[in-house]
Asks: 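The structure under discussion is supplied below as C-alpha cells; questions concerning it will follow.
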Amino acid sequence: MHHLDPALQPLYEQVLQRNPGETEFHQAVLEVLDSLGTVVRKHPGYADARVIARVCEPERQIIFRVPWVDDQGRIEINRGFRVEFNSALGPYKGGLRFHPSVLLGTVKFLGFEQIFKNALTGLPIGGGKGGSDFDPKGRSEMEVMRFCQSFMTELYRHIGEYTDVPAGDIGVGGREIGYLFGQYKRITNRYESAVLTGKGLGWGGSQVRREATGYGLVYFVEEMLHSKGGSFDGQRVVVSGSGNVAIYAIEKVHQLGGTVVACSDSSGYVVDERGIDLELLKDVKEVRRARISEYAQERGAQYVAGGSIWDVPCKVALPCATQNELDDDGALALVKNGCVAVGEGANMPATPEAVRILREAGVLFAPGKAANAGGVATSALEMQQNASRDSWTFEHTEERLAEIMRGIHERCAATAEEYDVPGNYVLGANASAFVQVADAMIAQGVI
Ligand code: NDP
Ligand code: 2IT
C-alpha cells in the first residue's frame, strides 16, 4: 500500500470511492498527490482551501452516443467523451483519442494530466481531453469521415474558441481534424479557426504542430542530459511507438547526432542497427497506414513480433506509444543495459514501479506532463496565430517551441531544488504546475 501524506490520504480514498474502476485515473491522481504531500507541508493553505479536492473533480463531463453507417450499410454505435477538467488558466485544451480501449477513466486520466501539462507551458490554456472507443484500424477514408461528422454533430455544442479547443491524440491526426473542422463549420456557419488545433497548413494550421510533441520531447531530454554534461550526440536511442510523437522524436534525435535503433507498434518492434530510415518509416506509417513489420521487411531489418522493445540496449529510452507500456521488467532491462535517461513522449507510459526502479538506479527521468508538453504548447501558438489572423515561419515557430521546452525544463529543475529533491522532475513538474493552477482557482473564488 502506498504511503501518502496523512493530510492527503482521505482525499485519495474519496477519489477511489467516487470513481470506481477508473484505474488509470486513480494512478494519475496518486502520482500527483504523492508530490503534493511535500507542497502542503510547506504551504498548508492549499489543504485548507480544499483546492486539491477541487482539482480532482472535473468541471464538466460529457458522454454521448455516436451512431454512424459503415461501408456495408451496417449501423455502428460508438461512445464519445469530452471531459472539461479545469478552466482556471484558459479555455479547456487537450486532444481527442480514438482507440478501442478508451473508457471514461482513460479520458479522465488524460484530462487530469493535461491540466498540469498545460500550466507548465506558461500559456493561457486550461485542461481537457476527449475521444471515443472508435477503432480506426481497417476503416476506409469514408468511414472515418462519417464517424468524425457524427462525433462532431454532438461535440460542436460543447466546444468553441473561448470554451474548449480539442486537437489530436492517438488515432486522431491531420485527416481527422479536417473532417471534424468541416462539420463544425457546417453546423455553426462560423469559420472559427481556433476551435480546433492541428489543422492543415493551408487553412489555419501552424508550422511545427505536426513535429512539436516529438521535437519538444527531444529538446527536453537534451536539456536534462546537458545538466549532467551529456547530449544525444553519438548515443543509441530506443523509441517505442511509430505514430506522430515517435516519428518526430526520431527525426530530432537524428538531427542532434543520435541513432534510433528500434521503434514499434502494437504488434511488435523492429531493430535497425543502421538507424531507423525515416523516409521509409513515414511512408509506411503516415502514407500507407501499414504495420511496422512492413518497414522491417522492406528495410531488411530485424522484426520481433510481440516481445518487449525495452530489451534492446540503449543509452536513452523514449516511450512514445501509450500508457503503462514500460513496466518494472522493462525498467530493470533498461537499467541492466546501461540506460542513463528516460523521457516520456506518451502520457503516463511508465508504471509507478518502473519510475521507482529508474529513479533508484539514478536514471534521469522526464515525466510526460513536462516532456511531451511541446505538442499542446504549439497548439496554443496555433490559437495565437489564428487570433491574430497571422501565420509564422517554421523557423520562428520552432524557436518558440525550443524556448518553451527549455523554460519547462528550467522550471521543473528549479522547483525540485526548492523542495530539496534536486533532479526529481516528477515532483518539480507536479508541484510547480499545481501551485500555478491552485493560486488561479483561489483568486477566482470558490470555483
Ligand atoms: P498515434 O496514433 O499517432 O500513434 C500511436 C502509436 O502508439 C502507434 O505506433 C500505436 O501502434 C502505438 N499504440 C497505441 N496504443 C497502443 C497500445 N494500446 N498498445 C501498444 N501500442 C499502442 O498517436 P500519438 O503518437 O499522437 O500518441 C502517442 C502517445 O503520445 C499517446 O500517449 C498520446 O497521448 C501522447 N501524446 C500525443 C501528443 C500529440 O500531440 N499527438 C501530445 C502529447 C502526448 P498501433 O498503430 O499498432 O496501434
Ligand atoms: O496529450 C497531449 O498533450 C495532446 N494530445 C495534445 C493536445 C493539444 O491540445 O494539442
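In listed order, ligands and their atoms are each counted from 1. These numbers were taken from a predicted model, which means no experiment stands behind them.
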Asks: Quick one: nearest non-hydrogen protein atom to atom 2 (O) of ligand 1, plus distance?
Replies: Gly171 N, 3.0 Å
Asks: Mind checking whether Glu325 has a heavy atom under 4.0 Å from ligand 1?
Replies: no
Asks: Using a strict 4.0 Å cut-off to heavy atoms of Gly94, name the atoms of ligand 2 that fall inside it.
Replies: 7 (C), 9 (O)
Asks: Give me the nearest non-hydrogen protein atom to atom 16 (C) of ligand 1 as residue plus atom name, then the distance to 0.1 Å.
Replies: Thr322 CG2, 3.6 Å
Asks: Can you name the salt bridge (charged side-chain N to carboxylate O under 4.0 Å, His left out) partners of Glu113, sequence neighbours left out?
Replies: Lys369
Asks: Please verify whether a non-hydrogen atom of Ser101 lies at under 4.0 Å from ligand 1.
Replies: no
Asks: Using a 4.0 Å cut-off to any heavy atom of Val245, which atoms of ligand 1 qualify?
Replies: 24 (P), 25 (O), 26 (O), 27 (O), 30 (O), 36 (N), 37 (C), 38 (C)
Asks: Please confirm whether the ring centroid of Phe151 lies under 6.0 Å from the ring centroid of Trp68.
Replies: no
Asks: Report the part of Glu211 (side chain from C-beta onward, or backbone N, CA, C, O) that has a heavy atom under 4.0 Å from ligand 1; answer both or neither where that applies.
Replies: neither
Asks: Within the 4.0 Å heavy-atom shell around Ala167, which atoms of ligand 2 are there?
Replies: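 In order of numbering, the contacting atoms are 8 (C), 9 (O), 10 (O).
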Asks: Please work out, at 4.0 Å between heavy atoms, whether the side chain, the backbone, both, or neither of Glu113 comes within that distance of ligand 2.
Replies: neither
Asks: Taking the ring centre of each residue, are Tyr425 and His409 less than 6.0 Å apart?
Replies: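 Yes - the distance between ring centres of Tyr425 and His409 falls below the 6.0 Å cut-off.
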